[in-house]
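Take a look at the structure set out below.
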Amino acid sequence: MTDISELLLSRIRDVADYPEPGVMFKDITPLLADPAAFTALTDALAEVATRTGATKVVGLEARGFILGAPVAVRAGVGFIPVRKAGKLPGATLSQAYDLEYGSAEIEIHAEDLTASDRVLVVDDVLATGGTAEASIQLIRRAGAEVSGLAVLMELGFLAGRSRVEPALAGAPLTSLLTV
């Protein structure tokens with residue numbers, strides 16, 4: 001395990017039975033509260049943005065906003081929020097997707113991406129992959145290219161990677177931690 005992996009893991013708190021019995025929630029708020037850990041995380045994700053040639057970072061609501069915005073600043077590129085449906089003013093593109101317990105819809109401002117953009121999707125966790133897959137579809141519908149997906153942690157037992165890799169079509173999936 002690398003030093004950064006050890007640092008990040010040491011700042012992620014397990015919360016048993018949240019949000020429901022039987023779930024072990026991975027709480028990243030202690031990591032965000034530690035400036036050294038948050039900086040190390042931001043630097044690692046910004047390096048992915050640079051390596052993949054990203055011109056924009058997309059952050060997925062809501063923790064993807066917290067991680068993606070400083071990554072974009074550090075990498076010197078723009079930041080675009082992907083929001084839950086109905087949260088953005090103006091013209092939007094939307095993408096519906098299925099969840100284990102129903103469906104959801106995400107949106108992006110239609111004018112925020114262009115055909116010349118290469119977009120890195122950033123989020124805190126890759127679980128089942130539904131939101132990440134929908135965001136990739138949304139970025140392509142906006143006319144931009146997906147340069148990759150980068151997450152703080154991947155919940156390997158939920159097999160989200162197998163769902164999202166076909167959508168990435170060869171673009172890299174980077175997980176700093178797999179739990």
Side-chain angles (χ1 to χ4, degrees), residues 1-84 99-100 104 106 118-136 139 146-165 167-168 170-179:
M1 184 176 293
T2 64
D3 288 342
I4 187 174
S5 296
E6 290 175 15
L7 174 63
L8 298 176
L9 274 174
S10 74
R11 302 304 188 273
I12 297 171
R13 177 176 54 181
D14 287 343
V15 180
D17 299 319
Y18 183 82
E20 59 186 50
V23 173
M24 181 62 72
F25 184 79
K26 300 292 186 183
D27 180 16
I28 68 167
T29 57
L31 188 158
L32 300 174
D34 179 324
F38 194 14
T39 298
L41 171 59
T42 300
D43 289 346
L45 294 174
E47 191 277 324
V48 175
T50 301
R51 184 177 69 239
T52 62
T55 61
K56 300 266 174 68
V57 168
V58 155
L60 306 183
E61 189 164 341
R63 288 180 298 266
F65 296 173
I66 297 168
L67 303 184
V71 166
V73 169
R74 182 67 47 92
V77 301
F79 175 77
I80 310 294
V82 168
R83 303 285 321 258
K84 293 175 183 171
L99 301 164
E100 315 80 281
I106 55 174
R118 289 182 46 82
V119 181
L120 178 68
V121 178
V122 171
D123 206 3
D124 65 329
V125 174
L126 175 61
T128 62
T131 308
E133 180 186 41
S135 70
I136 290 164
I139 291 162
V146 176
S147 72
L149 167 64
V151 297
L152 165 58
M153 71 183 121
E154 178 177 348
L155 305 181
F157 63 94
L158 291 177
R161 179 176 288 268
S162 64
R163 179 175 182 173
V164 87
E165 279 185 330
L168 282 166
L173 167 52
T174 305
S175 301
L176 300 181
L177 305 170
T178 300
V179 295

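Shown here are the side-chain contact (heavy atoms from CB on, under 4.5 Å) partners of S10, two or more places apart in sequence or in another chain: L7. D17 pairs by the side-chain contact (heavy atoms from CB on, under 4.5 Å) definition with P21, not counting sequence neighbours. Residues satisfying the side chain to side chain donor-acceptor pair (under 3.5 Å) criterion with E133, sequence neighbours excluded, are R163. Legend: residues meeting side-chain contact (heavy atoms from CB on, under 4.5 Å) with S147, ordered by chain and number and at least two apart, are T52, A54, R118, L120. Looking at residues two or more places apart in sequence or on another chain, you find no side chain to side chain donor-acceptor pair (under 3.5 Å) involving D123. Y18 meets the side-chain contact (heavy atoms from CB on, under 4.5 Å) test with V15, F25; sequence neighbours excluded.
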When you look at L9 and V179, which way does the side-chain contact (heavy atoms from CB on, under 4.5 Å) test go after all the steps? CA-CA 9 Å; L9 274 174; V179 295; 4.1 Å; yes
Begin with the C-alpha distance, continue with both residues' side-chain angles, and end with the deciding distance and a verdict on side-chain contact (heavy atoms from CB on, under 4.5 Å) for L177 and I12. CA-CA 11 Å; L177 305 170; I12 297 171; 3.6 Å; yes
Given the rule in the side-chain contact (heavy atoms from CB on, under 4.5 Å) test, do M153 and V125 qualify, once you have shown the distances and angles that lead to the verdict? CA-CA 5 Å; M153 71 183 121; V125 174; 3.8 Å; yes
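Considering every non-hydrogen atom in both P35 and T39, the closest pair reads O-OG1, 2.7 Å. Taking each heavy atom of A132 and L149 in turn, the nearest pair found is CB-CD2, 3.9 Å. Across every non-hydrogen atom of F65 and G59, the tightest pair is CE2-O, 3.4 Å. For A127 against L155, the heavy-atom pair with the smallest separation is CB-CD1, 4.2 Å. Contact record, A150 with V48: CB-CG1, 4.0 Å, taken as the closest heavy-atom pair. Annotation for G64 and F79: closest pair O-CE1, 4.2 Å, computed over non-hydrogen atoms.
Expressed to the nearest 0.5 Å, how far CG of L173 lies from CD of E154 amounts to 5.5 Å. Atom CZ of residue F38 and atom CG of residue L67 lie 6.0 Å apart, to the nearest 0.5 angstrom. Of the inter-residue distances, the one linking L126 atom CG with L158 atom CG reads 8.5 Å to the nearest 0.5 angstrom. To the nearest 0.5 Å, the span separating CG on L31 from CG on L8 amounts to 5.5 Å. With rounding to the nearest 0.5 Å, the separation of CG in L152 from CZ in R11 is 13.0 Å. Summarising the geometry, atom CD belonging to E61 is positioned 10.5 Å from atom OG1 belonging to T131; distances are rounded to the nearest 0.5 Å.
Using a 4.5 Å cut-off on side-chain heavy atoms (C-beta onward), L176 and L45 make contact. In this structure the side chain of V119 never reaches within 4.5 angstrom of the side chain of I80, judged on heavy atoms. Side-chain contact between S175 and R161: present, with at least one pair of heavy atoms (C-beta onward) separated by less than 4.5 Å.
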